[in-house]
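Working notes, structure below.
Atoms considered below: every heavy atom in the structure, side chains included; atoms not considered: hydrogens, waters and symmetry mates.
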Amino acid sequence: MPGEDRTPVLVGVAQLTLRDASIERALEPIAMLEQVARDAAEDAGLGERLLHSLDSVAIVNVLGWRATNPAAFLAERIGAQPKRTILTGTGGEIPLVLLGHMASEIEAGRSRAALVAGCNTLRTALRARRAGRRFGWATGPESSPFALGVHKAGSSELENLYGLSTPPVVYPIFENALRARRGLSLEAHRLGMGRLMSRMSAVAAKNPHAWFPVARDPEELTKPSPQNRMIAFPYPKYLNAVIETDQAACALVLSAAHARELGIAENLWVHLWAAAAATEDIWFPTQRASFAECSALRRAATEALARAGTALGEMDAMDFYSCFPVAVEMACEMLGLSEDDPRGFTVTGGLPYAGGPGNNYTLHAVAAMVERLREVPGRRGLVTGNGWYLTKHSACVLASAPRPQAAAKAAFAPPDEAAPTAPKVRQPELAEAASGPAAVETYTVTYDREGAPERGIVVGRLLDGRRFLAHTPGERALLEDFAAHEGVGRKGAVSHENGKNLFTPA
């Protein structure tokens, strides 16, 4: 309607965590989404009347669920008749991109009431697979939603060849590179990771929706034990994002005009001030110039703050994507924050303790941030997201007060316009078949389920500056030594044998 208030406001949020459900009693994805949708409408004080007014329903991609249009399926279940249904691509950044998109649609007058929801059901799916069970999860109508985002592999064929194909293995190469650039000893670094993540676990302990609501001290988090086996150096299990959860989250975003028409109390409103997104110029991690820098993270966050007309120092609360410690450390590094900032870096407890994996964590963070900001009028919060290997980034600024007049008019630009392009940097040349004297640029050691070292993975440099990927010899004593002493800068020789590079430390 011409002249109406198109300010986007979050009016209802909900989360669902099913820690104890058996395979037989576990909810299927559509039932989880329906529950959080109805709970979010109740949180707004309206229930079904709000759901029936929705003109847009959007779903964050659900791993392992084959529904072609889960948004249309959910609309059927809640009695909505949306003009538009949306399904996202994959990535931990995508819920904030989706929220920014819906806010843009509301500001443009193309939507007045939107639902954004997502879930993760990997705990039940994997438990059923181990038990030899198959689920006939309902998939709903066959139709084509609007697609937002992309599905693209995170690792190159060469990275896959050397085992750099999953987050628990790839993130350690960033962690070790950043530690070395900071000049920290292995012990000082371990203690720093422990302090950082212990503060997050303390937040999870107070979060009723956290998967692991347990406060753990730095030693418990960083010292290997039977309950905390090593996964990939320097991370034991307690420093890895938990993937096997059954969780869901939902947010309802309306125009201020529509919220007033429905009679939603304004003390429940949290304003979406701005959002932004950015992608690293080089997609695959081992093709980037540095493992100790992430310019796209900085660009997304600083652009969101600039568009909101505010500054990082004015944030009362923050939630940085936290799949592994280096994701939080890198955010601090790129944004100039101390890791002991008294505001903390999570309102949920973070991915290793609160959960929320499988693309949907930042929607849990938004729900928790809304609840935090409602407590005190005028509070502001920053939420960030990260997809693949510090590859894709998003950020949004929320507040329990209207956006400043100084804020940018285009506060919710599409992802490809959300942040300036970074200056091009020279891409290192990769030597697929490497030979000769070399040094370690970064590395990790992976472990088996009994905690024994299994494989050494090296990203190294030849004397001529070319980069290579390699394994180390597999002797246990060598691998234990490789993880016990600083490996970055370590010299040795690389050879190409049986189709792979082998780096032997001096």
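Pro352 and Met197 make their closest contact through CG-CE, 3.8 Å (heavy atoms, listed as atom of the first residue, atom of the second, distance). Closest heavy-atom contact between Ser165 and Ser155: CA-OG, 3.5 Å. Across all non-hydrogen atoms, the minimal contact from Pro172 to Val169 is CD-O, 3.2 Å. When every heavy atom of Leu115 is checked against every heavy atom of Ala117, the shortest pair comes out as CD2-CB, 3.8 Å. Residues Pro70 and Trp65 come closest through the heavy atom pair CB-CZ3, 3.4 Å. Heavy atoms only, all atoms of each residue included: Pro234 and Leu239 are closest at O-CD1, 4.5 Å.
The distance from the CG atom of Leu312 to the CG atom of Leu337 is 4.5 Å, given to the nearest 0.5 Å. For the atom pair Leu184 CG and Leu178 CG, the distance stands at 8.0 Å (nearest 0.5 Å). Distance check, rounded to the nearest 0.5 Å: CG of Leu186 to CG of Leu191 gives 11.0 Å. With values rounded to the nearest 0.5 angstrom, Leu390 atom CG is found 7.5 Å from Glu280 atom CD. To the nearest 0.5 angstrom, Ser185 atom OG is 12.0 Å from His485 atom NE2. A distance of 7.5 Å separates CG in Asn120 from CE in Met32, rounded to the nearest 0.5 Å.
Residues Arg307 and Glu303 are paired through a salt bridge, judged by an N-O separation under 4.0 Å between the basic side chain and the carboxylate. Taking 4.0 Å as the cut-off between side-chain N and carboxylate O, Glu219 and Arg190 count as a salt-bridged pair. Residues Glu107 and Arg6 are not paired through a salt bridge, judged by the lack of any N-O separation under 4.0 Å between the basic side chain and the carboxylate. Salt bridge annotation for Arg298-Glu333: absent, with no cationic side-chain nitrogen under 4.0 angstrom from a carboxylate oxygen. In summary, Glu339 and Arg182 engage in a salt bridge, as defined by a charged side-chain N under 4.0 Å from a carboxylate O. Note on Arg374 versus Asp43: salt bridge recorded, some NZ/NE/NH1/NH2 to OD/OE distance being below 4.0 Å. Between Glu429 and Arg467, none of the side-chain N atoms (NZ, or NE/NH1/NH2) sits under 4.0 Å from a carboxylate O, so this pair counts as no salt bridge.
Within the 4.5 Å cutoff, the side chain of Leu268 has no heavy atoms near those of the Val11 side chain. Contact check for Phe233 versus Glu175: no side-chain heavy atoms found under the 4.5 Å cut-off. Side-chain atoms of Leu351 and Val242, non-hydrogen and from C-beta on, never get closer than 4.5 Å to each other. Residues Glu220 and Asn228 have side chains not in contact (no heavy-atom distance under 4.5 Å, counting atoms from C-beta outward). Looking at Leu10 and Leu272, their side chains come closer than 4.5 Å, going by heavy atoms from C-beta outward. Residues Thr384 and Leu297 fail the side-chain proximity criterion, which asks for heavy atoms closer than 4.5 Å. Residues Phe291 and Val459 have side chains in contact (heavy-atom distance under 4.5 Å, counting atoms from C-beta outward).
Thr121 contributes no side-chain N or O that, together with a main-chain N or O of Asp246, makes up a donor-acceptor pair within less than 3.5 Å. With Asn207 contributing its side chain and Thr348 its backbone, the two residues share a donor-acceptor pair below 3.5 Å. Judged by distance alone, the side chain of Tyr162 and the main-chain N or O of Asn501 form a donor-acceptor pair under 3.5 Å. Trp283 places a side-chain N or O within 3.5 Å of a backbone atom of Ala153 that can act as its donor or acceptor partner. Looking only at distances, a side-chain donor or acceptor of Gln247 sits under 3.5 Å from a matching main-chain atom of Gly356. Put simply, the side chain of Ser198 never gets that close to the backbone of Arg195: no donor and acceptor are under 3.5 Å apart. In terms of modelled atom types and a separation under 3.5 Å, the side chain of Ser400 and the main chain of Arg379 share a donor-acceptor contact. A donor-acceptor pair under 3.5 Å is formed between the side chain of Glu314 and the backbone N or O of Ala311. No donor-acceptor pair closer than 3.5 Å links the side chain of Asn176 to the backbone N or O of Thr442. Under a 3.5 Å cut-off, the side chain of Trp388 and the backbone N or O of Lys152 do form a donor-acceptor pair.
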Report task. Assess whether side chain to side chain donor-acceptor pair (under 3.5 Å) is satisfied between Glu93 and His393, documenting all intermediate values. Result -> CA-CA 5 Å; Glu93 89 296 348; His393 299 273; over 6 Å; no
Report task. Could you please spell out the steps behind the side chain to side chain donor-acceptor pair (under 3.5 Å) verdict for Glu159 and Thr286? Result -> CA-CA 7 Å; Glu159 289 163 352; Thr286 64; 2.6 Å; yes
Report task. Could you go through the side chain to side chain donor-acceptor pair (under 3.5 Å) check for Arg455 and Thr446 one step at a time? Result -> CA-CA 5 Å; Arg455 173 186 290 171; Thr446 62; 5.3 Å; no
Requested in this report: Start with the C-alpha distance between Phe174 and Tyr389, add both sets of side-chain angles, then the distance that settles ring pair (Phe, Tyr, Trp, His ring centres under 6.0 Å), and finish with yes or no.
Outcome: CA-CA 9 Å; Phe174 289 99; Tyr389 309 123; 7.6 Å; no
Query raised in the report: Step by step, would you call Thr7 with Arg403 a side chain to side chain donor-acceptor pair (under 3.5 Å)?
Result: CA-CA 9 Å; Thr7 301; Arg403 194 167 66 197; over 6 Å; no
Report task. Begin with the C-alpha distance, continue with both residues' side-chain angles, and end with the deciding distance and a verdict on side-chain contact (heavy atoms from CB on, under 4.5 Å) for Gln287 and Ser156. Result -> CA-CA 9 Å; Gln287 296 176 13; Ser156 68; 4.3 Å; yes
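The aromatic rings of Tyr361 and Tyr321 stand perpendicular to each other, their planes meeting at an angle above 60°, with 30° marking the opposite boundary. Ring planes of Phe146 and His101: parallel class, angle under 30° (limits at 30 and 60°).
When the shell of 6.0 Å around CD of Glu371 is examined, it contains more than 12 heavy atoms from other residues, nucleotides or ligands. Taking a 6.0 Å sphere around NZ of Lys491, one finds it holds 12 or fewer heavy atoms contributed by other residues, nucleotides or ligands. Within a 6.0 Å sphere centred on CD of Glu187, heavy atoms belonging to other residues, nucleotides or ligands number more than 12.
Between His471 and Tyr443, the ring centre distance reaches or exceeds 6.0 Å. Taking the six-membered ring where the residue is Trp, the centroids of Phe212 and Tyr353 are separated by 6.0 Å or more.
With sequence neighbours excluded, no residue satisfies salt bridge (Lys or Arg N to Asp or Glu O under 4.0 Å) with Glu454. Taking Arg490 as the reference, Asp481 meet the salt bridge (Lys or Arg N to Asp or Glu O under 4.0 Å) condition, with sequence neighbours excluded. With sequence neighbours left out, the salt bridge (Lys or Arg N to Asp or Glu O under 4.0 Å) criterion links Arg84 to Glu105.
Here the rule is side-chain contact (heavy atoms from CB on, under 4.5 Å) with Asn360, and of Thr245, Val60, Ile59, Val62 only Val60 fits it. The side-chain contact (heavy atoms from CB on, under 4.5 Å) test with Phe345 is passed by exactly one of Asp319, Leu196, Leu382: Leu196.
Cation-pi check for Arg216 over Tyr238 is met; the charged atom lies under 6.0 angstrom from the ring centroid and within 45 degrees of its normal.
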